[in-house]
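Beneath this line is the structure, given in structure tokens, with notes to follow.
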Amino acid sequence: MSVKNDAAPRPVTVLGLGEMGSAIAVVLLAAGHPTTVWNRTPEKAEALVADGARRAATVRDAISASETVLVNVKSAAAVDAILGEAKDVLAGRAVVNLTDGTSAEARETARFVAEAGARYLHGQIMTIVPGLGHPDSVVFFGGEESVYDRHRPLLDLLGGKGTLVAADPGAPVLYGMAVHGTMWGILNGFLHAAALLKDEGVELKRFLDHAGPSLSALTAFLPSIADEVDRSQHAAQYGALRHHLPSIEDLLRESRARGVADHLPAHTLALVTEAVADGHADDGYSRLIDGFRTR
């Protein structure tokens with residue numbers, strides 16, 4: 001399903017035709033935008049050309065073809081190398097970088113683009129290819145609001161929940177990492193639990209049928225934890241850290257007894273034990289943010 005979008009067709013260039021870059025070009029072509037594509041391996045453009053895209057022979061030709069340039073390649077270093085080949089034709093254009101990297105790399109690319117006389121947005125796509133263009137798909141953007149507003153009809157084609165999160169081009173990168181970090185924590189925690197349950201012969205679907213309300217309630221705690229972290233106020237009337245210790249220790253012993261890797265509960269036990277030893281036994285779980293800081 002694609003996002004409904006009534007934007008007037010405008011020329012757009014897509015640099016990079018990997019899995020996601022090709023999908024971006026497909027979405028743009030389907031919306032009627034004249035789309036120029038370029039890839040270091042020209043053969044990757046063949047299917048898109050058959051669907052109406054124009055294949056550029058060089059990066060300079062590709063960028064020169066459109067006011068709006070979308071970049072999705074394998075790394076920030078690849079972005080800088082590609083744009084560096086055509087710095088002299090960037091002036092007056094908008095570069096929307098949809099490539100993964102770090103926040104510092106996004107800011108450095110933004111600086112390079114600005115020096116070339118172009119304007120910059122960084123975008124973090126929060127979906128896999130089948131979800132691109134879906135009304136519920138999220139894309140975080142960072143950069144000048146005027147640039148985002150001008151190109152929003154085009155950008156909204158990538159996901160119906162696209163939003164400008166900050167003027168800082170590094171912000172969407174951090175937003176994306178925060179979502180992924182939370183996702184991996186939840187998935188790893190569940191798979192550790194699944195290993196325990198399967199060792200006992202418990203069907204996971206049955207477990208979820210019984211434990212679904214408890215698991216769903218976990219995400220309901222996130223706004224409260226976020227508020228405590230934002231205010232640096234961690235005292236808790238209920239669920240203080242000292243009450244977590246026995247349960248974590250039980251989980252650790254159960255894991256070891258069943259031959260299930262114990263590094264996840266062991267790490268949690270280390271975080272809670274350190275916080276309690278530092279005098280925070282009566283604080284809530286949000287206090288453990290201190291254990292993730294190294295400076």
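What you see is a predicted model, and the numbers here were worked out from it, not measured in a lab. Quick note: numbers below take in every heavy atom, side chains included, and nothing from hydrogens, waters or symmetry partners.
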TODO: Only pairs at least two apart or in different chains count here, so list each side chain to side chain donor-acceptor pair (under 3.5 Å) that has a residue in residues 77-100.
DONE: Arg40-Glu85, Arg60-Asp88, Asp80-Thr109, Asn97-Thr99, Asn97-Tyr120, Asp100-Gln124
Task: Pairs involving residues 191-200, ordered by first then second residue, that meet side chain to side chain donor-acceptor pair (under 3.5 Å) (sequence neighbours left out) - done: His192-Ser255, Asp199-Arg258, Glu200-Arg258
- [ ] Could you tell me which non-hydrogen atom of Leu241 sits nearest to which non-hydrogen atom of Val276, and how far apart they are?
- [x] CB-CG2, 4.2 Å
Open item on the list: If you compare all heavy atoms of Ser286 against all heavy atoms of Val229, which two are closest, and at what distance to 0.1 Å?
Closed with: CB-CG2, 4.0 Å
Task: Results of side chain to side chain donor-acceptor pair (under 3.5 Å) for Ser66 - residues two or more places apart only - done: Thr13
Pair up each side-chain donor or acceptor in residues 182-189 with any protein partner under 3.5 Å, not counting sequence neighbours, and list the distances.
residue, atom, partner, partner atom, Å
Thr182, OG1, Ala178, O, 2.9
Asn188, ND2, Trp184, O, 3.1

Excluding sequence neighbours, so at least two apart, what forms salt bridge (charged side-chain N to carboxylate O under 4.0 Å, His left out) with [X]?
{"X": "Asp250", "answer": "Arg253"}
{"X": "Arg10", "answer": "none"}
{"X": "Glu145", "answer": "none"}
{"X": "Asp230", "answer": "none"}

- [ ] Would you mind listing every salt bridge (charged side-chain N to carboxylate O under 4.0 Å, His left out) that reaches into residues 113-129, with sequence neighbours excluded?
- [x] Arg111-Glu115, Arg119-Glu144
Open item on the list: Strictly below 4.0 Å, N to O, side chains only: are Arg293 and Asp290 in salt-bridge contact?
Closed with: yes
- [ ] With sequence neighbours left out, write down each residue that passes ring-ring contact (aromatic ring centres under 6.0 Å, His included) with Tyr148, or none if nothing qualifies.
- [x] Phe141
Open item on the list: When you compare the side chains of Asp61 and Thr58, does any donor N or O come within less than 3.5 Å of an acceptor on the partner?
Closed with: yes
Open item on the list: Applying ring pair (Phe, Tyr, Trp, His ring centres under 6.0 Å) as the test, list every pair that has at least one member in residues 234-282; sequence neighbours left out.
Closed with: His244-Tyr285
Validation: residues 214-222 side-chain donor-acceptor distances under 3.5 Å, sequence neighbours left out:
residue, atom, partner, partner atom, Å
Ser216, OG, Gly212, O, 3.1
Thr219, OG1, Ser216, O, 3.0

